[in-house]
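First up is the structure itself, then whatever we jot down about it.
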Number of protein chains: 2
Amino acid sequence: MKIDPNNRADLSAQIAKAIRDAIVEGQLIVDERLPSEAELAEQFDVSRPTVREALKRLAAQSLIRTQRGATGGAFVNRLTYPEAYGQQITTATLLLSMNAVSFQTACEARFAMERACAPLSAARRSSDHLASMRAEVFRQNQPGLSDEAFCASDVAFHRALVDGAGNPVLSYQLAGAVEGMQPLMNMITFTARSRAQIVDLHTEIADGIEARDAPRAEAALTRLESYTNELATGVLAKRKAKAAAD
Amino acid sequence: MKIDPNNRADLSAQIAKAIRDAIVEGQLIVDERLPSEAELAEQFDVSRPTVREALKRLAAQSLIRTQRGATGGAFVNRLTYPEAYGQQITTATLLLSMNAVSFQTACEARFAMERACAPLSAARRSSDHLASMRAEVFRQNQPGLSDEAFCASDVAFHRALVDGAGNPVLSYQLAGAVEGMQPLMNMITFTARSRAQIVDLHTEIADGIEARDAPRAEAALTRLESYTNELATGVLAKRKAKAAAD
DNA sequence: AATTTTCATTTGTCAGACAATTAAAAGTCT
DNA sequence: AGACTTTTAATTGTCTGACAAATGAAAATT
């Protein structure tokens, strides 16, 4: 791990990479303590601020955690699902917002993956998952609900659907796809009529999951995808027309 | 963005969060230059090393890039797909290796998502994608191929399948799922017999995609999932038996 | 024996300095 | 005037040395 070539450029990045590789390759195991900053500085033959910059890079990726005090130091962090969700969501959000990804492309990816969850969720969902889905549908039916709250409930509904599959890896993957799309979804202003339509489709999905009828849930998801795209197209067209008028 | 409470703990993390939020919320746009380190230090009322640690955190997430020199500085980085792939793969790899995710769980998630790609890939795949798939199958048939090379070719085959869907967001999501599983896949030693079986299934998948027959490709993917699980179960059982014998 | 105090270790932060890089500005020569 | 060279200023990258804050262990005290 101590390897550092004669390349004296980007030292902190090089050191971060060396330690990261050691973690990924299993040379440093979970909860193992790294040498102190002073020791690392000596090992790599750099100053302590340089080592610290490297450690902060790793901390940003949740690869290590640090603790002050006599028995403190930097420890290899067990990457938990919530931490991974967080990074996944940040990355997905930025990827979508910075790359002019069309709404349709993001939507297609999201619903394709959700449809992949449907058979598993239909087979395995607990009554808790079903209850969560029903509760969110109920909330979405409340008249006074703000657009933001409606969107948040939408995310929660789909989250319950995905979690029903009982596969944490799938849940982790979908978290990014679903939550990363929220800024795009928030662009759509939901009329009373569109809300009713969405609630109907959510109900149909929940019914399919309850009946353990995967094709029914998948078909409803497909219709929801079409309808979501339709709404988005309308909003974007209006926005374009308004921009042209100005 | 300049907000920093009286909380004088974890300053560099706080500053990183403030700048990250400004980027995510669009207050700082792509390619915009951040204030110089000295200016940031003054704004946040901290020292330059602290600012630098914050900037390194952001650099680790590919949110900014830095450039030296007179017109240099830190710039908001456009998060590209390759950068996002890389982070996705690192995160997925660690998540799987550190959390004792069962092979079956990871496998299920991966194939569920791949099956979701199959209809899109069957409809849209170009001749290039098909040629890549065929080329990888051909390589997998070569007798002298090492296990590592066989696994790498396997990844490339599935990558071509997913890319055939023509949806970069899906490709990005799948990259983590497929490549993150590689360490787990590498545990399996492929006998000549198992390779032949896998090549047959790959051929069947490619045939389905070529014929634009999604159900055929999906069925083959399902069989491949079963077979992969079967192989893994065998390897793990043997390993367990050996461990008990020692 | 229990409690308190002291102490050593480690991370977090700061101040100031110099090196390396880079582009623009200034100067110089043809 | 135009092309080339030199200088300069700005900025990041790194180093040195220092002190503050936290924290657990050891020592001292009751």
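These figures come from a predicted structure and were not determined experimentally. Lettering follows sequence order; numbering is per chain, from 1.
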When the distance from CD of Gln14(A) to C1' of dT14(D) is rounded to whole Å, what number comes out? 13 Å
What integer distance in Å separates Glu39(A):CD from dT9(C):C1'? 11 Å
Interatomic distance, Gln67(B) CD vs dT22(C) P [rounded to whole Å]: 8 Å
Below the 4.0 Å mark, does dC14(C) have OP1 or OP2 next to a side-chain nitrogen or oxygen of Ser47(B)? yes
Quick note, Val46(B) side chain, CB onward, closest among dG12(C), dT13(C), dC14(C) is dC14(C)
The side chain of Pro49(A) is closest to which nucleotide in this list: dT21(C), dC15(D), dA23(C)? dC15(D)
Would you say dG13(D) has OP1 or OP2 under 4.0 Å from some side-chain N or O of Thr50(A)? no
Given dT16(D), dG24(D), dG12(C), identify the nucleotide with an atom nearest to the side chain of Ala70(A). dG24(D)
Mapping Gly69(A) and Gly73(B) to their closest nucleotides on DNA chain D, which lands nearer the 5' end? Gly73(B)
Between Glu179(B) and Arg159(B) (salt bridge meaning N to carboxylate O under 4.0 Å), is one present in this structure? yes
Any idea which of dT16(D), dA15(C), dT11(C) is nearest the Thr66(A) side chain? dT11(C)
Can a salt bridge be assigned to the pair Lys56(A) and Glu53(A) using a cut-off of 4.0 Å between side-chain N and carboxylate O? no
Spell out, as yes or no, whether a donor-acceptor pair under 3.5 Å connects the side chain of Thr93(B) to the backbone of Ile89(B). yes
Once you apply a heavy-atom cut-off of 4.0 Å, does Arg33(A) come out as touching a base, just sugar-phosphate, or nothing? sugar-phosphate
Hey, does the side chain of Arg78(B) reach the backbone of Asp31(B) with a donor-acceptor pair shorter than 3.5 angstrom? no
Closest to side chain of Glu37(B), choosing from dG13(D), dC14(C), dT16(D): dG13(D)
Round to the nearest Å and state the distance from Leu55(B) atom CG to dT11(D) atom P. 14 Å
Within the supplied structure, the quantity of interest is the number of heavy atoms (other residues, nucleotides, ligands) at a distance under 6.0 Å from Glu32(A) CD; does it exceed 12? yes
Starting at CZ of Arg52(A) and ending at C1' of dC14(C), how long is that distance when rounded to a whole Å? 11 Å
Between dT14(D) (P) and Glu42(A) (CD): distance, integer Å: 19 Å
Within this structure, what is the CZ-to-P distance between Arg48(A) and dT11(C), rounded to whole angstrom? 7 Å
Roughly, in whole Å, what's the span from CD in Glu53(A) to P in dG13(D)? 8 Å
